[in-house]
Trainee: 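Here it is: the structure, laid out below.
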2 protein chains.
Amino acid sequence: MNDLKLENQLCFPLYAASKELIKKYKPVLDKFDLTYTQYLVMLVLWEDNSINVKTLGERLMLDSGTLTPLLKKMESKGYVKREVNDKDERNLVISLTEVGKNLKGKCSSVPKEVGKCLNLNENEAIILYSLLYKVIGNIKDTSM
Amino acid sequence: MNDLKLENQLCFPLYAASKELIKKYKPVLDKFDLTYTQYLVMLVLWEDNSINVKTLGERLMLDSGTLTPLLKKMESKGYVKREVNDKDERNLVISLTEVGKNLKGKCSSVPKEVGKCLNLNENEAIILYSLLYKVIGNIKDTSM
DNA sequence: AAAAATTAAATTGTGTACAATTTAATTATA
DNA sequence: TATAATTAAATTGTACACAATTTAATTTTT
């Protein structure tokens with residue numbers, strides 16, 4: 001009956017926890033001249049080395065409206081290259097520069113450094129992780 | 001050892017789930033000319049009727065830089081009033097207009113309507129809820 | 001092959017989100 | 001009680017985030 005109470009919403013703690021955690025990244029990532037979203041792009045590139053904007057957007061659930069200006073900034077910082085695909089000129093291929101590659105080693109402690117402020121035990125982390133991916137999957141499958 | 005893989009981050013599904021869920025609110029809240037954040041303000045006001053910006057910010061974990069322009073928009077829509085507190089003129093008191101109060105009834109189905117796309121059972125929802133508030137609490141307690 | 005449809009980025013416009021600073025009011029202190 | 005310190009909003013500047021549209025390239029259809 002009290003569906004409209006803030007404390008009865010699942011959306012709010014999800015939204016708040018996400019924001020608070022992202023804030024925790026700021027002082028850590030500032031050292032590397034990265035914002036949180038830019039860091040996510042780096043995570044993908046450290047795995048894949050090269051990816052087009054569309055695929056990157058699918059991985060990060062972000063669209064070109066967000067990624068285009070962000071990738072231009074990252075290019076101007078010297079972390080990534082932006083090159084049109086010769087085979088299909090609609091595709092823009094993003095890849096790491098040497099500086100971008102070298103940043104991986106320097107960032108190796110970021111996950112642990114930020115992760116510890118979550119203060120969850122292994123089991124809790126796994127449960128939370130599973131439920132979040134379940135939610136993401138369920139939302140994607142909902143036609144509504 | 002693969003701490004820097006996107007799929008090994010807890011932050012990413014948290015960030016993605018939050019965004020995806022907020023997107024689900026859009027078509028539902030559009031009918032009431034509310035954005036997601038504006039809806040959160042309404043949830044607080046439907047409980048409290050009257051609150052100053054600072055307290056509202058504490059409830060929603062938002063600062064005046066976010067709330068000031070947002071509340072001005074909500075005032076111009078006719079949903080809230082903004083009045084300086086006579087006792088302490090540094091305080092701006094936000095309260096509901098009649099239109100804002102009446103909106104509560106119309107929004108009563110919003111939580112269920114959006115909630116069903118999460119597709120979690122009662123137990124899962126409770127666990128997720130608890131873990132999220134635990135994370136929020138832990139992050140707040142971390143000095144780092 | 002030319003026209004239509006599709007696709008991928010970019011662009012435009014609106015709305016947060018937040019750090020840092022400023023302004024104005026109140027409280028505490030010398 | 002003047003001055004200093006504190007407090008609450010507002011302001012400024014930067015950075016997403018996304019819906020909707022546009023542009024340009026490619027593919028499909030006729």
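Letters A, B, ... are given to chains in the order of the sequence lines, protein chains preceding strands, and every chain is numbered from 1.
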Trainee: Between B/N2 and B/N8, does any side-chain donor sit less than 3.5 Å from a side-chain acceptor?
Mentor: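 Short answer, no.
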
Trainee: Between A/G65 and B/E89, name the one whose nearest nucleotide on DNA chain C is closer to the 5' end.
Mentor: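 Comparing both residues, the 5'-ward one is A/G65.
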
Trainee: Can you tell me which nucleotide in D/dA9, C/dA25, C/dA19 comes closest to the side chain of A/K23?
Mentor: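 In terms of side-chain proximity for A/K23, the closest of D/dA9, C/dA25, C/dA19 is C/dA19.
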
Trainee: For the pair made of OH in B/Y36 and P in C/dA17, what is the distance, rounded to whole Å?
Mentor: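 Result: 9 Å.
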
Trainee: Does D/dA15 have its OP1 or OP2 closer than 4.0 Å to a side-chain nitrogen or oxygen of A/T37?
Mentor: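 Checking A/T37 against D/dA15: no side-chain N or O falls below 4.0 Å of OP1 or OP2.
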
Trainee: Would one find a side-chain N or O of A/K54 under 4.0 angstrom from OP1 or OP2 of C/dA8?
Mentor: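 Yes.
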
Trainee: Got a salt bridge between A/E98 and A/K101, using NZ or NE/NH1/NH2 to carboxylate O under 4.0 Å?
Mentor: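 Answer for the salt bridge query: yes.
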
Trainee: Grab the NZ-C1' distance between A/K73 and D/dC16 for me, whole Å please.
Mentor: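 Roughly 7 Å, once rounded to whole Å.
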
Trainee: Is the base of C/dA10 touched by the side chain of A/S64 through a donor-acceptor pair closer than 3.5 angstrom?
Mentor: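 Indeed, a donor on one side and an acceptor on the other fall under 3.5 Å apart.
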
Trainee: If you check the B/D63 side chain, which of C/dT11, D/dA17, C/dA19 turns out closest?
Mentor: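 Selected nucleotide: C/dA19.
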
Trainee: Under 4.0 Å between a Lys/Arg side-chain N and an Asp/Glu carboxylate O for A/R59 and A/E47?
Mentor: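 Salt bridge present between A/R59 and A/E47.
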
Trainee: Look at A/R82 and C/dA10 and indicate whether a side-chain polar atom (N or O) is within less than 4.0 Å of OP1 or OP2.
Mentor: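 Yes, because at least one side-chain N or O of A/R82 sits under 4.0 Å from OP1 or OP2 of C/dA10.
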
Trainee: Take atom CG of A/L29 and atom P of D/dC16, then tell me their distance rounded to the nearest Å.
Mentor: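 Taking atom P of D/dC16 as the reference, CG of A/L29 is at 11 Å.
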
Trainee: Between D/dA10, D/dA15, C/dG15, spot the one nearest the side chain of B/T35, thanks.
Mentor: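 From the listed options, C/dG15 comes nearest.
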
Trainee: Salt bridge check, A/K140 against B/E20: does any charged N sit closer than 4.0 Å to a carboxylate O?
Mentor: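 Answer for the salt bridge query: yes.
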
Trainee: At under 4.0 Å, does any side-chain N or O of B/T66 touch on OP1 or OP2 of C/dA17?
Mentor: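 False: B/T66 side-chain N/O out of range (4.0 Å or more) of C/dA17 OP1/OP2.
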
Trainee: So, is A/N91 close to the C/dA9 phosphate, meaning a side-chain N or O under 4.0 Å from OP1 or OP2?
Mentor: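 The answer is yes; a side-chain N or O of A/N91 sits under 4.0 Å from OP1 or OP2.
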
Trainee: Whole angstrom is fine here: how far is it from CG in A/L71 over to C1' in D/dA15?
Mentor: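 Roughly 14 Å, once rounded to whole Å.
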
Trainee: Within the 4.0 Å heavy-atom criterion, would you say A/L62 contacts the bases, only the backbone, or no part of the nucleic acid?
Mentor: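 Touches sugar-phosphate only.
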
Trainee: Kindly say if B/K19 contacts the phosphate of D/dC16, meaning a side-chain N or O under 4.0 Å from OP1 or OP2.
Mentor: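 No, because none of the side-chain N or O atoms of B/K19 sits under 4.0 Å from OP1 or OP2 of D/dC16.
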
Trainee: Given C/dG15, is OP1 or OP2 found less than 4.0 Å from the side-chain N or O atoms of B/K26?
Mentor: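 So the side chain of B/K26 is outside the cut-off, no N or O lying under 4.0 Å from OP1 or OP2 of C/dG15.
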
Trainee: Using atom CG of A/L56 as one end and atom C1' of C/dA8 as the other, report the distance to the nearest whole Å.
Mentor: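 Atom-to-atom, A/L56 to C/dA8, this comes out as 13 Å.
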
Trainee: Looking at B/K81 and B/E75, does any basic side-chain N land under 4.0 Å from a carboxylate oxygen?
Mentor: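 Looking at B/K81 and B/E75, the cut-off is not met.
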
Trainee: Does B/P69 or A/T68 map to a spot on DNA chain C nearer the 5' end, using the closest nucleotide for each?
Mentor: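 This one resolves to A/T68.
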
Trainee: Could you tell me whether A/Y15 and B/Y36 have their ring centroids closer than 6.0 angstrom?
Mentor: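 For A/Y15 and B/Y36, the ring centres are under 6.0 Å apart.
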
Trainee: Report the nucleotide, chosen from D/dA25, D/dT6, D/dA15, that has the shortest atom-to-atom distance to any side-chain atom of A/R90.
Mentor: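 When the side chain of A/R90 is considered, D/dA25 is the closest of D/dA25, D/dT6, D/dA15.
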
Trainee: For the pair made of CG in B/L40 and C1' in C/dA17, what is the distance, rounded to whole Å?
Mentor: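 Those two atoms, CG and C1', are 13 Å apart.
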
Trainee: How close or far is atom P of D/dC16 from atom CG of A/L21, stated in whole angstroms?
Mentor: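 Rounded to whole Å, this separation is 17 Å.
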
Trainee: Would you mind telling me which of C/dA17, D/dA25, D/dA9 lies closest to the side-chain atoms of B/V53?
Mentor: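 Comparing C/dA17, D/dA25, D/dA9 against the side chain of B/V53, the answer is D/dA9.
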
Trainee: Among B/N85, B/N91, B/D88, exactly one meets side-chain hydrogen bond (donor to acceptor under 3.5 Å, both in side chains) together with B/N52. Which residue is that?
Mentor: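 Going through the options one by one, the only one that passes is B/N91.
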
Trainee: Taking for each residue the nucleotide of DNA chain D with the nearest heavy atom, is it B/Y15 or B/L67 whose nucleotide lies nearer the 5' end?
Mentor: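 Between the two, 5'-proximity favours B/L67.
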
Trainee: Give one of base, sugar-phosphate or nothing for A/L70, where a contact means two heavy atoms less than 4.0 Å apart.
Mentor: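 The answer is sugar-phosphate, as A/L70 gets under 4.0 Å only of primed atoms, P, OP1 or OP2.
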
Trainee: Atom CG of B/L34 to atom P of C/dG15: distance rounded to whole Å?
Mentor: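 Checked: the CG to P distance equals 12 Å.
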
Trainee: Of the options D/dC16, C/dT26, D/dT26, whose atoms approach the side-chain atoms of B/D88 most closely?
Mentor: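 Shortest atom-to-atom distance from the side chain points to C/dT26.
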
Trainee: Verify the contact: side-chain N or O of A/N52 to OP1 or OP2 of C/dA9, cut-off strictly under 4.0 Å; return yes or no.
Mentor: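 A/N52 to C/dA9 OP1/OP2: side-chain N or O found under 4.0 Å.
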
Trainee: For B/E20 and for B/K72, find the nucleotide of DNA chain D with the closest heavy atom, then tell me which residue's nucleotide is more 5'.
Mentor: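 Of the two residues, B/K72 wins.
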
